[in-house]
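Below, all heavy atoms of this structure are taken into account, side chains as well, without hydrogens, waters or symmetry copies.
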Amino acid sequence: REAAARKFREENGIVGATAENTLICSGAKQCLFSTIGAICNPGDEVLVIEPYWVSYTQITSICGAYPIVITTEAADNYKLRPEQLARSFTPRTKAIIFSSPGNPSGMMYSEAEMRDLAEVLADGDCYVLSDEIYEKIIYGSVPHTSIGSIPSIADRVITINGVSKAYAMTGWRLGYMTGPDDVIRQAAKLQGQATSHPCSIAQKAALAALNCAGDDVERMRAAFERRRNLAVALLRDIPGINFTVPDGTFFLFLDVSSYLSEAMPDGDALCDFLLEHYLLALVPGSAFGTPQCIRISFAASEEDIERGLERFGRALTNLREGRRP
């Protein structure tokens, strides 16, 4: 807890983080679950920004609250505008979930954009859950900003992170969060009746990662940047695919509307087609609230990226020209 709190203070500018208001969980997902379970009563509303990670809406529903989805546009790089946020508040709004970098879009909010949103949030009486799990997998175009570092709303922000992405420790199931003392206490009570705590072995491994793995993280980040650039270059050679170059994460979110038809109505059907006939495993956008899109992961070797995207381009060409697979 002390190491995680120090990381929040020194790297994220969350000056109020201490060991006492930092909670260690079995993954960032449990951080989200315990927080929403602690703050939400039946009938409360949680604002979720589309496209969203699939668990945001599901966790909210399981906890008895209602996910209220705010739709963003590709033309805005799938970012929430302040005026959209202002229109979304109701007397039942209990929280909003942010993620920067975001899964599946890979977009990031700049510091100025975060501050504009914080101005609106300062007038709204709700908590802010900031999922920063992809914080270190970024590519330089936009520096990472933690919304919990903005003083006007810092007392209502719960910042969530973990070791799965930054340190390639997904299976270790170790997340950590900091926030208002009362929220962390209630989340700890809920966790205490569920898993109690992550196993001690995972905690020791995560402590080593937080304290010692900076150089390894940078080598991994640089490798992902090369893979992103390769995937972007190859996708630009495929006509009819629209996408925004991601600021972070290891995903590309593709609008495939030009390839959809009555016979191929959405991304689910396209992903089924690609899996069955071309042995390509992609994720349909319906999982993130955007059925006209699909998500590609470039967390793979450069050879596999080249092979996969060549096959992807060939599949789409055959589909458009009516050729058999």
Enter the distance from Leu234:CG to Asn229:CG here, rounded to the nearest 0.5 Å.
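Rounded to the nearest 0.5 Å, the CG-CG separation comes to 11.0 Å.
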Euclidean distance, Leu280 CG relative to Ile296 CD1, rounded to 0.5 Å: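 Here the rounded value is 8.5 Å.
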Quiz question: by atom type and distance under 3.5 Å, do the side chains of [X] and [Y] form a donor-acceptor pair?
{"X": "Asn103", "Y": "Thr249", "answer": "no"}
{"X": "Glu50", "Y": "Thr290", "answer": "no"}
{"X": "Gln30", "Y": "Thr195", "answer": "yes"}
{"X": "Asn12", "Y": "Ser149", "answer": "no"}
{"X": "Asn161", "Y": "Glu135", "answer": "yes"}
{"X": "Arg1", "Y": "Asn21", "answer": "no"}
{"X": "Glu132", "Y": "Ser146", "answer": "yes"}

Just wondering, are more than 12 heavy atoms of other shown residues or ligands nearer than 6.0 Å to [atom1] in [X]?
{"X": "Arg92", "atom1": "CZ", "answer": "no"}
{"X": "Tyr278", "atom1": "OH", "answer": "yes"}
{"X": "Glu2", "atom1": "CD", "answer": "no"}
{"X": "Glu321", "atom1": "CD", "answer": "yes"}
{"X": "Lys29", "atom1": "NZ", "answer": "no"}

- Message: Taking the cut-offs as 6.0 angstrom to the six-membered ring centre and 45 degrees off its axis, would you call Arg295 and Phe251 a cation-pi pair?
- Response: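 Satisfied, under 6.0 Å and within 45°.
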Taking a hydrophobic cluster as the set of Ile, Leu, Val, Met, Phe, Trp and Tyr residues connected by side-chain heavy atoms closer than 4.5 Å, whether directly or through intermediates, do Phe273 and Tyr259 fall within one such cluster?
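Phe273 and Tyr259: one cluster.
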Shared hydrophobic cluster for Met220 and Ile305 (ILVMFWY, side-chain gaps under 4.5 Å):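 Yes; Ile305 is reachable from Met220 via cluster members.
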* Asked: Are the charged groups of Asp304 and Arg307 less than 4.0 angstrom apart, N to O?
  ->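 Between Arg307 and Asp304 there is a salt bridge, with a charged N closer than 4.0 Å to a carboxylate O.
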Co-members of the apolar cluster containing Phe33 [side chain, <4.5 Å]: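 Members besides Phe33, by chain and number: Leu23, Leu32, Ile36, Ile39, Val46, Val48, Tyr52, Trp53, Val54, Tyr56, Ile59, Ile62, Val69, Ile97, Tyr127, Leu129, Ile158, Ile160, Met177, Val183, Ile184.
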* Asked: Glu111: what forms a side chain to side chain donor-acceptor pair (under 3.5 Å) with it, not counting sequence neighbours?
  ->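 Residues passing side chain to side chain donor-acceptor pair (under 3.5 Å) with Glu111: Arg115.
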Going by the angle between their ring planes, with limits at 30° and 60°, are Phe250 and Tyr134 parallel, tilted or perpendicular?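 Rings of Phe250 and Tyr134: perpendicular, as their planes differ by over 60°.
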In the structure I gave you, are the side-chain heavy atoms of [X] and [Y] within less than 4.5 Å of one another anywhere?
{"X": "Ile238", "Y": "Leu235", "value": "yes"}
{"X": "Asp255", "Y": "Phe243", "value": "no"}
{"X": "Pro246", "Y": "Pro101", "value": "no"}

Run the salt bridge (charged side-chain N to carboxylate O under 4.0 Å, His left out) test on Glu73 and Arg81 for me, step by step, so that the C-alpha distance in whole Å, both residues' side-chain angles and the decisive distance to 0.1 Å come before the verdict. CA-CA 10 Å; Glu73 303 296 333; Arg81 298 192 305 272; over 6 Å; no
_Under the ring-ring contact (aromatic ring centres under 6.0 Å, His included) test against Tyr78, which residue among Phe288, Tyr109, Phe253 passes?_
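Testing Tyr78 for a ring-ring contact (aromatic ring centres under 6.0 Å, His included) against Phe288, Tyr109, Phe253 leaves exactly one candidate, Phe253.
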